[in-house]
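Read the structure below first, then the notes.
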Amino acid sequence: MTSPARPIPSLPGAPAKRLRILLAEDNTVNQRLAKRLLEKRGHEVSIAGDGRQAVEAAMLAPPFDLILMDVQMPNMDGLEATRAIRQMDDPQLRSVPIVAMTAFAMKVDRERCMAAGMNGHLAKPIDPAELSATVESYASQGVQVDETKA
Ligand code: MN
């Protein structure tokens with residue numbers, strides 16, 4: 001395995017840190033697009049095709065630096081998957097930054113994401129610059145998990 005702190009100086013405008021990202025998304029076109037964009041930034045991307053797979057992947061060590069979570073997915077949606085991750089026993093696993101990806105970008109939708117324990121929000125269709133900026137800012141900040149919601 002590569003070190004999560006491995007620098008990638010060869011890429012122009014590259015982030016200082018190679019991130020391990022879990023991409024939970026059921027749409028294969030969006031999967032490929034987001035994966036390609038993030039890999040171009042030097043990040044390592046694992047894919048989960050639904051919320052249940054996302055929860056299973058999020059239980060593995062070492063923890064991901066960030067999870068990109070589609071809201072609408074079969075079997076288990078992104079809100080439910082986020083709530084399950086926020087209830088995990090391991091404090092490091094349950095505090096992973098989770099950023100929602102959804103076409104429903106109205107205030108009420110964002111509030112539902114935050115209430116489920118997500119930390120940020122990206123609107124679809126995916127904007128490449130917004131994707132890398134959001135991912136890299138949340139992953140470097142780290143997040144505070146509200147324990148009252150767990
Ligand atoms: Mn979807």
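Everything numeric here is computed off the predicted structure, so don't read it as measured data. Order of appearance sets the numbers: ligands from 1, and atoms from 1 within every ligand.
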Problem - N/O/S from Asp70 sitting under 2.8 Å away from the Mn ion (ligand 1) - result: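 Asp70 does place an N, O or S atom closer than 2.8 Å to the Mn ion (ligand 1).
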
Problem - Under 2.8 Å: N/O/S of Met73 next to the Mn ion (ligand 1) - result: no

Handout entry: Glu56 with Arg52: basic N within carboxylate O range, under 4.0 Å
Key =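 Salt bridge: no.
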
Problem - Residue from Arg18, Lys17, His43, Arg20 passing side chain to side chain donor-acceptor pair (under 3.5 Å) with Asp65 - result: Lys17

Exercise for the section: Report the angle formed at the Mn ion (ligand 1) by atom OD1 of Asp26 and atom O of Gln72, rounding to the nearest 10°. Expected result: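 Vertex the Mn ion (ligand 1), arms to OD1 of Asp26 and O of Gln72: 90°.
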
Completion exercise
Heavy-atom closest pair (Leu79 atom, Arg112 atom, distance to 0.1 Å) is CD1-NH2, 3.3 Å

Handout entry: Sidechain-backbone polar pair: Arg41 side chain, Ser132 backbone, donor-acceptor under 3.5 Å
Key =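 Side chain of Arg41 to backbone of Ser132: no pair is present.
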
